[in-house]
S.K.: 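Here's a structure for you.
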Amino acid sequence: MGKYADDEQWSDVVPLPTDEGGDNPLAAIAYSEEYEETMSYLRAIMAANEYSPRVLDLTEDLIDMNPAHYTVWLYRAQCLFAIDSDLKEELEWLNETALTHQKNYQIWHHRNLIVDKLDQCEGETAFVESMFERDAKNYHVWSYRQWLVRRFGLWDKGELEFTEQMLQRDVRNNSAWNHRWFVVNGQEGAAGVGDPDIRAREMKFAMLAIAKAPQNQSPWNYLRGITKKSGMSLAHLKDFAEQYASLDQPDNIHSSFALDLLADILVEEKNTKQAAQALDLLEKTYDPIRKNYWAYRKEQLGLPAAVA
Amino acid sequence: MTILHEAGPEPRLEKARHIKYWTRCLKTFLPRQYTGNDSNRMYLAYFIISALDLLDALNTVSTGNERRDHVNWIYRCQHPKGGFRMWPGTDLGDRANDTNAKWDPANIPATYFALAALLILDDDFERVKRGQCLLWLQKMQREDGSFGETLVDGVVEGGRDPRLGYCATGVRHILRGSSAEPISIDGQTVRDIDVDSFVRCVRVAESFDGGIADEPFHEPQAGYTFCSLGALAFVGRLNTPDKSNPIEPNAPCDPHNVLKWLLSRQTELTDPDAGLDTEFHTAEEAPNTQHAEGKHVSKENGARDSKPIRQDPYQSVGSSIFDLLVDGAGMNGRTNKVADTCYAFWVGASLDIVGCVTLCNRAGLRRYLLGKTQHGVLGGFGKFPGDLPDLYHSYLGLAALSLAGSDQVKRLDGGMCLSAEARGRLPGLWDAWAVEGPTTT
Ligand SMILES: [Zn+2]
């Protein structure tokens, strides 16, 4: 008895149960009867290398219970293409499945495959955005978004504005900051922040975000990334950093990241004594979690311990 | 205020409960909820075996006969043409033939975890199809240097991410040490993987902010950073803040920035529901948000209007020494995310690999693990404070605890994620196979 055993449509298939091989198998799972049955029918039709519409039903069932099964996805894909199945229908099924198994990698890989084959991405960015409604930092979804931008050349079709919207919603969303970096710098042959106008625009964008929430590492990293990629000296950021962390007002520091940046600038300026002061403030007051690191950085300055 | 700084003694590892938790995992069926991980059973097996080893209980909770069965199960998953499967579920038994062979491929992570588990079980590796496995490993590398998960119809399937690169280079490390020259196994010449092109793969995935991602331009993440650094260490091409390899292609390009990124992962933010992501809504959307803990956070813009960070903990990721003493500080996986037990391992082990684990706040990390995510009744660790334990977080929590300096757990080798004692068996195997071992680790 069971869903498949009782189904006329499957009466020609002799199920193939799994053989664990002996006593005391490791990590054995208390499978439900339903899973065990589905699995043994799946094994039977894979053994027969069957490609038919019922393969789609069965793999759908199995994937629902075990989406991490690595060959079932490949089998399903081969079957879809072999029987010339409607790929748009497949996408609709994937929409639901992606919602139930948000952390699964294979689902997104499969989606890539289908959308690539369809050779058009209508509705895809909207779907991605609906996924972000649930989890604005889902790694697979951001990766998929990058793939869409590259595959369909969406670089200047509102992508920069999209990152802006995402950051308006949450200025601390590092995934959105990263995506912005990709949109600006990721296109083959693009100058990115090497272009002075783009650089100015991006620096301004990051600085405004910092003004909103100074104790947010993402835009500080973004600023540093810009200077590094475009070969600028950090000194260009000194005035800006000092708005949030000035050694003249050690009790009035607004951002530990500004203080850290200031320390790096002072090192660049060979002002080791003040750099040590900044690192000392981080160690003792503004970022004590990382006290060992700030102490290590002070050591790297090569000053005698007493100076700090 | 000073009285508050007396935060009490460090919470203890409930060792007996952890042993009980893992013994149950070893000896009884895992609950039905693990069905979604059926195709990951080899790594669940490795967690179970390795956890009991770290707790120094493997040989007391199981008999020699049981351990022999465990070893046999691992070999049950060995592929007839080399490498291992994740579980017996793809083996088509007496219906297997050349046409359906593609649905039963060996799997790269399964192979690494199987070999690692055999090492922990002190197996002699006599039954490992070493030559065939290494020949297959070569075929698992793509033109661009990355490794896949399975080989199906001659195509390397699966992602390109460094998890696969880590497992592939780990298999190479175990089965051929550091021998870059062709070696002879049972009369067959077995060449090495293309190490240079693999290293290039890692280099291009370094992010502008110092972390490492799975692919170029993706967001850096601590798990991928661990896998990248671990793989580089396996192939002897790792740059650390102290030491770079100037001759051969090596990575990461900027080890100091990687170090800083790793240390930036430590955070006192532990509550996934505390609304971190919405905390900094713009003034128009949420002029004044009542914080989950009942504290008003002013959303008026501008640095000059905001209070200095020490006076407003909700605008700060820096916590006071008092917070650290009480709650500890875990690790997150990406910038601006909350702490999660498993990242205590991914970050801690990355730091261990580059020789800098003492630069993080190990006391804070122990407090976080023992006081926040350890399950006081069931043993094991949950993902977040108050969560029920699961195998994945329970194992990585334990491994992280060792790196954080606990003397209740065996010393961990961060690079291989098993006890230093188990890794210590490798030179003996390399000697027996007459292959070179790395000169330094
Ligand atoms: Zn986790």
Side-chain angles (χ1 to χ4, degrees), chain A residues 16 18-32 35 39 43 46-47 49 65-71 74-75 105 142-143 146 168 170-172 174-175 178 181-182 186 211-215 217-218 221 225 229 243-244 252-254 256 285-290 292-293 296, chain B residues 29-32 34-41 44-45 48 66 69-70 72-73 76 88-90 92-93 95 99-100 103 149-150 152 157 159 208-209 217-219 221 263-264 266 277-278 280 282 301-303 306 308-310 315-319 321 324 329 334-336 358-359 361 364:
Chain A
L16 178 59
T18 302
D19 173 14
E20 288 287 335
D23 291 336
N24 296 310
L26 286 167
I29 298 165
Y31 302 126
S32 65
Y35 179 72
M39 195 62 177
R43 287 162 48 76
M46 280 176 111
N49 241 322
M65 293 182 270
N66 177 13
H69 191 310
Y70 44 90
T71 50
L74 301 171
Y75 178 45
Y105 158 81
W142 282 105
S143 300
Q146 284 202 9
Q168 224 151 45
D170 175 11
V171 73
R172 301 177 137 240
N174 195 62
S175 306
N178 186 77
W181 180 268
F182 162 72
K212 248 192 231 176
Q215 189 58 19
Q217 194 168 20
S218 298
N221 282 342
K229 186 171 155 73
Q243 290 176 39
Y244 299 93
N252 196 34
I253 301 290
H254 295 270
S256 65
T285 313
Y286 292 105
D287 194 28
I289 287 186
R290 273 160 282 280
N292 298 345
Y293 175 63
Y296 159 84
Chain B
F29 285 100
L30 299 175
R32 187 164 299 178
Y34 282 90
T35 301
N37 275 306
D38 195 22
S39 310
N40 294 325
R41 271 177 64 196
L44 300 181
I48 296 168
E66 285 169 332
D69 287 344
H70 299 149
N72 286 341
W73 184 82
R76 163 75 186 87
T90 57
L92 300 174
R95 288 189 222 172
T99 325
N100 62 32
W103 302 129
E149 188 178 26
T150 54
V152 175
E157 294 286 355
F208 67 92
D209 65 6
F217 290 103
H218 285 187
E219 187 183 6
Q221 197 258 14
L263 292 165
S264 298
Q266 194 155 18
D277 298 343
T278 52
F280 287 101
T282 52
N301 294 340
S306 67
I309 56 175
R310 293 290 300 118
Q315 292 204 0
S316 164
V317 292
S319 67
I321 290 167
L324 285 175
R334 295 182 259 160
T335 301
N336 284 336
T358 54
L359 290 186
N361 194 318

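We name chains A, B, ... by the order of the sequence lines, and we start the count at 1 in each one. Keep in mind it's a predicted model, so treat the numbers as computed, not measured.
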S.K.: I need the residue from N37(B), T90(B), V152(B) with the largest number of non-hydrogen atom pairs under 4.5 Å to chain A.
M.R.: T90(B)

S.K.: Would S39(B) and N66(A) count as having a side-chain donor-acceptor pair, cut-off 3.5 Å?
M.R.: yes

S.K.: What residue in N221(A), I29(A), D19(A), L16(A) has the most heavy-atom pairs under 4.5 Å with chain B?
M.R.: I29(A)

S.K.: Please confirm whether the backbone N or O of T99(B) pairs with a side-chain atom of N49(A), one donor and one acceptor, at under 3.5 Å?
M.R.: yes

S.K.: Taking F182(A), Y296(A), W181(A) one by one, which has the highest count of heavy-atom pairs under 4.5 Å against chain B?
M.R.: W181(A)

S.K.: Count the heavy-atom pairs under 4.5 Å between each of Y70(A), W142(A), Y75(A), Y35(A) and chain B, then report the option with the highest count.
M.R.: Y70(A)

S.K.: Where on M46(A) is there a heavy atom nearer than 4.5 Å to chain B: the side chain, the backbone, both, or neither?
M.R.: both

S.K.: State, to 0.1 Å, how close A329(B) and I289(A) come at their nearest heavy-atom pair, and which atoms those are.
M.R.: CB-CD1, 4.0 Å

S.K.: Passes side-chain contact (heavy atoms from CB on, under 4.5 Å), E20(A) versus R76(B)? Steps please.
M.R.: CA-CA 8 Å; E20(A) 288 287 335; R76(B) 163 75 186 87; 5.9 Å; no

S.K.: With chain B, which of S175(A), G225(A), P67(A) has the greatest number of heavy-atom pairs at distances under 4.5 Å?
M.R.: S175(A)

S.K.: A27(A) and A45(B): which non-hydrogen atoms are nearest, and at how many Å?
M.R.: CB-N, 3.9 Å

S.K.: Out of R95(B), E66(B), Q221(B), return the one with the most heavy atom pairs under 4.5 angstrom to chain A.
M.R.: R95(B)

S.K.: Among G159(B), G36(B), P31(B), single out the residue with the greatest number of heavy-atom pairs under 4.5 Å to chain A.
M.R.: G36(B)

S.K.: Heavy-atom distance under 4.5 Å to chain A: side chain of E157(B), backbone, both or neither?
M.R.: side chain

S.K.: So what's closer than 4.5 Å to chain B heavy atoms on T18(A): side chain, backbone, both or neither?
M.R.: side chain

S.K.: Relative to chain B, which of S32(A), G21(A), S218(A) shows the most heavy atom pairs under 4.5 Å?
M.R.: S32(A)

S.K.: Quick one: of L26(A), N24(A), N178(A), who has the most non-hydrogen atom pairs under 4.5 Å with chain B?
M.R.: L26(A)

S.K.: When you measure from the side chain of R334(B) to the backbone of E219(B), do you find a donor-acceptor pair of N or O atoms at a distance under 3.5 Å?
M.R.: no

S.K.: Could you tell me whether a side-chain N or O of R41(B) sits under 3.5 Å from a main-chain N or O of P88(B), the two making a donor and an acceptor?
M.R.: no

S.K.: Side chain of Q217(A), backbone of N336(B): donor and acceptor closer than 3.5 Å?
M.R.: no

S.K.: Which atoms of N72(B) come close to chain A, meaning under 4.5 Å heavy atom to heavy atom: side chain ones, backbone ones, both, or neither?
M.R.: neither

S.K.: Under 4.5 Å between any side-chain heavy atoms of H218(B) and Q146(A), yes or no?
M.R.: yes

S.K.: Between T335(B), I48(B), L44(B), D209(B), who has the most heavy-atom pairs with chain A when the cutoff is under 4.5 Å?
M.R.: T335(B)

S.K.: Can you tell which part of S264(B) gets under 4.5 Å to a heavy atom of chain A, answering side chain, backbone, both or neither?
M.R.: both

S.K.: Using distance alone, with no hydrogens and no angle criterion, decide if N361(B) and Y293(A) have a side-chain donor and acceptor under 3.5 Å apart.
M.R.: no

